[in-house]
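Worksheet: one structure, shown below.
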Amino acid sequence: MPARIIDLPKIVDPRGNLSFLEEEKHIPFKIERVYWIYDVPGGQLRGGHAFRIQQEVIIALSGSFDVEVDDGVEKQLFSLGRSYYALYLPPGLWRRMQNFSTNSLALVISSTRFDEKDYIRDYQEFLTFRKS
Ligand code: TYD
């Protein structure tokens with residue numbers, strides 16, 4: 001299954017806009033964990049790894065950054081910078097976050113609790129996993 005952008009609801013309002021998501025409705029899984037990445041110094045990379053089982057949704061709540069997604073054959077680049085764009089990542093994809101703007105805030109919504117055993121942090125091991 002490929003990564004894809006999910007267009008979240010956007011309630012436009014002169015008092016300020018509002019977006020939201022509900023589990024198993026706007027995103028295709030039940031939410032077990034939410035975390036966020038912030039105060040990223042210029043030029044830093046985050047998340048060079050894959051997950052065996054975890055599905056996730058990444059949203060740029062503030063600022064912008066790019067997510068490079070690699071299925072072992074092809075790479076895709078998603079530029080996130082709207083708080084109503086959610087990037088859905090199924091399991092088994094190598095992903096890297098880069099080009100964080102100043103004060104950017106990345107929200108990550110995950111289908112699993114934290115489990116280091118679910119990470120594949122070695123790229124060669126990832127390629128082997130993809131072929132299996
Ligand atoms: P990691 O997922 O490797 O960060 P990134 O993908 O953004 O580069 O996590 C960094 C560290 O934080 C690692 O030691 C594991 C820890 N961590 C938790 O303890 N719980 C969590 O929910 C997450 C996402 C990370």
Side-chain angles (χ1 to χ4, degrees):
M1 209 201 293
R4 66 172 196 273
I5 293 286
I6 298 173
D7 244 327
L8 296 173
K10 181 181 181 189
I11 313 293
V12 178
D13 190 313
R15 299 171 302 157
N17 300 333
L18 181 153
S19 287
F20 60 93
L21 61 82
E22 295 176 5
E23 61 182 2
E24 294 184 313
K25 183 171 175 189
H26 304 100
I27 63 170
F29 57 80
K30 283 191 86 68
I31 299 168
E32 284 286 334
R33 179 168 49 117
V34 174
Y35 63 95
W36 46 98
I37 298 168
Y38 54 98
D39 291 348
V40 179
Q44 282 297 321
L45 290 179
R46 298 284 322 207
H49 52 64
F51 296 109
R52 296 168 209 276
I53 291 171
Q54 184 190 300
Q55 307 170 60
E56 61 186 8
V57 159
I58 305 177
I59 304 171
L61 283 187
S62 177
S64 61
F65 51 86
D66 297 333
V67 185
E68 188 188 85
V69 181
D70 177 354
D71 64 7
V73 178
E74 279 179 44
K75 290 191 175 98
Q76 265 183 297
L77 193 69
F78 294 91
S79 292
L80 301 184
R82 300 279 176 207
S83 43
Y84 52 89
Y85 277 163
L87 174 62
Y88 170 67
L89 295 176
L93 296 172
W94 188 268
R95 56 100 160 146
R96 227 164 59 138
M97 299 162 74
Q98 58 203 20
N99 294 331
F100 286 89
S101 70
T102 306
N103 287 331
S104 53
L105 170 58
L107 181 73
V108 185
I109 298 167
S110 168
S111 67
T112 65
R113 298 212 173 191
F114 177 71
D115 178 8
E116 184 60 43
K117 294 190 296 299
D118 192 44
Y119 281 73
I120 306 173
R121 294 191 182 272
D122 179 82
Y123 191 72
Q124 287 308 316
E125 191 187 335
F126 165 68
L127 292 179
T128 307
F129 172 82
R130 287 293 308 197
K131 286 180 194 135
S132 65

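One-based numbering, in listed order, for ligands and for the atoms of each. Please read all numbers here as calculations on a predicted model, not as lab measurements.
- Contact shell of ligand 1 (protein heavy atoms, cutoff 4.0 Å): R33, Y35, I37, R46, G47, H49, R95, F114, Y119, R121.
- We find the CZ-CG distance between R33 and D115 to be 9.0 Å, quoted to the nearest 0.5 Å.
- A distance of 13.0 Å separates CD1 of I31 from CD of E56, quoted to the nearest 0.5 Å.
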Item to check | Residues F126, Y123; criterion ring-ring contact (aromatic ring centres under 6.0 Å, His included); working and verdict | outcome: CA-CA 5 Å; F126 165 68; Y123 191 72; 5.6 Å; yes
Identify each donor-acceptor pair in which a side-chain atom of residues 72-93 lies under 3.5 Å from a protein atom, sequence neighbours left out, and give them as a table.
residue : atom : partner : partner atom : Å
S79     : OG   : D66     : OD1          : 2.9
Y88     : OH   : Q55     : OE1          : 2.5

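- Counting side-chain heavy-atom gaps under 4.5 Å among Ile, Leu, Val, Met, Phe, Trp and Tyr, the cluster of L18 also holds I11, F20.
- Shown here are the ring-ring contact (aromatic ring centres under 6.0 Å, His included) partners of F51, two or more places apart in sequence or in another chain: H49, Y119.
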